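Here the structure is laid out as structure tokens; the discussion comes afterwards.
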Amino acid sequence: MIRDLKGMASMYKLLIRFSFRSSMQYRFNFWLGSTIAALIAFVEFALLAVILSRFGTIQGWSVQESAYLYSILILSKAIYRTFASDVHHLEKYLLSGDLDGLLLRPLPVLLVLMTQNVSVRFGETLLGLGMLAYSLSSLAADDQIQLWIAIPLSVLICLNGGLLLFGIGLATAATGFWLTRIDMLQNLTEDATHTAIRYPLSIYPGWLKGILTSILPVAFVNYMPALYIVRGEAGPWMLALSAAASLVVLGAGAFLWKWGISRYQSTGS
Amino acid sequence: MLFFALARASYSRNLQYRASHLLHNIASALFGFIYLSIWTGIGQGRDLGSYGMAGLISYVALNQCLLWVTAFTNYGLGLPQLVRTGGIAIELARPVHLFYNMMSREWGNIGYQFLYKSVPIYLLYLVVIPLRLPHSISTAFAFLAALVCAAYLSLCVQYLIGAVSLWTTESQWLHWLNHAMLTLFSGFLIPIEWLPGWLGWFSRWSFYPYLQYIPTRIYLGMDGISSLLPSLAWCAGLTLLCLAATALMRTKTEVQGG
């Protein structure tokens, strides 16, 4: 079992390296894409910053605290999209019939998809790290947090957030084995939820809070852990709860994937 | 007339998927509810200027409805796909100008999206939120004129993005960048007079406000039909750019394998 996992990990590393080398054959395109991705993330944050600069706080959440929420989201998303790459783009493979080719390879389809068209999200990672550094240093200067505790915990919740977003992405992609077209569902489970958790959860009505903490528990990516790390309004159990949420979502995603791929029927196109 | 034939063909093609598209509206309406929740949460007990809470709610809700006409036009009007398949060579060889050809098809798509996406979400918001109605018939007509200009501007921008795909395989990044810029600079979520410093300056001197901000202000009765004049100037300017881009495409065309 351990040997299998080790073999899988080394295969994953090898495939990632090949994919990265293949994208570096088109250096201009690669750097253009990376730069524009960072610019997009910056523009999206500017929207939040404008609201904060005009209104000061969002339901008691300061600029620094809101920047913390945003930076954790952007870093978690960068981890998910870097390491799971084309899982998000499964629809393209289903519609074109290209998944048939991947099924013939002597490797798990999920592993192959995770290593196709890998794009390291340099711009978003740098932007996220910069915002996290600004947020944590400002909060530490106000004695709201202690850096030596907050930094390692923030790293952990970014990794946990990446796993949780991957779990949701995987579950959504897996529905493609039945529905084929999943862009609408991704619009709901990924785009809409990621937009929602840029802002503190407390601004939303009860029904939306319920969805974001249970059916699609993206609140555990940033808001819930931040209640402990930044606001001190919850105990360390909140981190354990966030980790549990990731495991449940990831488990559900893996189950759906396994079930879905056994039911896969090619579109034949 | 060729324009109507191409537009009708595009409209009819979309019609095949109307059930699926009506479902798509649920996602779009939910996005709108998230934005409305954001403003309801932020705006409670705060000064929202000339809009007031009810006005701002209508502003954000209407902007969400307009997206299907002003923002969600086809990526590059389909040109990137034509470059990829090699079909661009045939399109350029047709005895009709490429811009006119692509524009006509896109009007069919815009017309469909207006009827089957914008209008259902608008009706839902009218009942649920409730979204304000225009003050008068003349306001409604001025708003529709602003909407046509906005759709045309959006179409020109997508054509230019599509034209770029002849020189780089990464034009989809420009598409996403345009979308992000639109979110901030068109006044989609936050009225542009609230944008500080250079952000506000950039927005006022760009075409983005004419996609969302101006049509919505006209609808709410906060601006008159005269505010459309710069929009017409932008339409003329972008048309010239599209024609220049087509001339450049005709000098040398490389396809990606066909």
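Quick caveat: nothing in here was measured; it's all calculated off a predicted structure.
Heavy-atom neighbours of A:Trp178 CH2 from other residues, nucleotides or ligands within 6.0 Å: above the threshold of 12. Residue B:Phe72 places its CZ atom among more than 12 non-hydrogen atoms of other residues, nucleotides or ligands, all under 6.0 Å distant. The environment of OH in B:Tyr122 is crowded: more than 12 heavy-atom neighbours from other residues, nucleotides or ligands sit within 6.0 Å. Open room surrounds CH2 on B:Trp205; 12 or fewer heavy atoms of other groups in view lie less than 6.0 Å from it.
Only the side chain of A:Trp207 comes within contact range of chain B, with at least one heavy atom under 4.5 Å from a heavy atom of that chain. No part of B:Leu36 comes within reach of chain A, as not one of its non-hydrogen atoms sits under 4.5 angstrom from that chain. Neither the backbone nor the side chain of A:Leu185 comes within less than 4.5 Å of any heavy atom of chain B. Contact of B:Leu182 with chain A is not made at all, since no heavy-atom distance falls under 4.5 Å. In this structure, chain A has heavy atoms under 4.5 Å from both the backbone and the side chain of B:Leu184. Heavy-atom distances place both the backbone and the side chain of B:Leu177 under 4.5 Å from chain A. For A:Leu47, the parts sitting under 4.5 Å from any heavy atom of chain B are the backbone and the side chain alike.
At a threshold of 4.5 Å between non-hydrogen side-chain atoms, the residues B:Ser37 and A:Ile203 do not count as touching. The shortest side-chain heavy-atom distance between B:Trp176 and A:Leu39 does not fall under the 4.5 Å cut-off.
Across all their heavy atoms, A:Met184 and B:Ala27 have their closest contact at O-CB, 4.3 Å. Across all non-hydrogen atoms, the minimal contact from B:Phe31 to A:Thr195 is CE2-OG1, 3.4 Å. For the pair A:Ala192 and B:Ile34, the tightest heavy-atom approach, listed with the atom from each and the gap, is O-CD1, 3.5 Å. Minimum interatomic distance between A:Val43 and B:Ala180 (heavy atoms only, all atoms of both residues): CG1-O, 3.2 Å.
Put simply, CG on A:Leu48 and CG on B:Leu189 are 10.0 Å apart, with the number rounded to the nearest 0.5 Å. From A:Ile58, atom CD1 reaches atom CD1 of B:Ile38 across 8.0 Å, with rounding to the nearest 0.5 Å.
With respect to B:Ile42, the side chain to side chain contact (heavy atoms under 4.5 Å, CB included) criterion is satisfied by exactly one of A:Ile51, A:Thr57, A:Leu52: A:Ile51.
Taking the six-membered ring wherever Trp is involved, the centroid distance between the rings of A:Phe55 and B:Trp39 falls below 6.0 Å.
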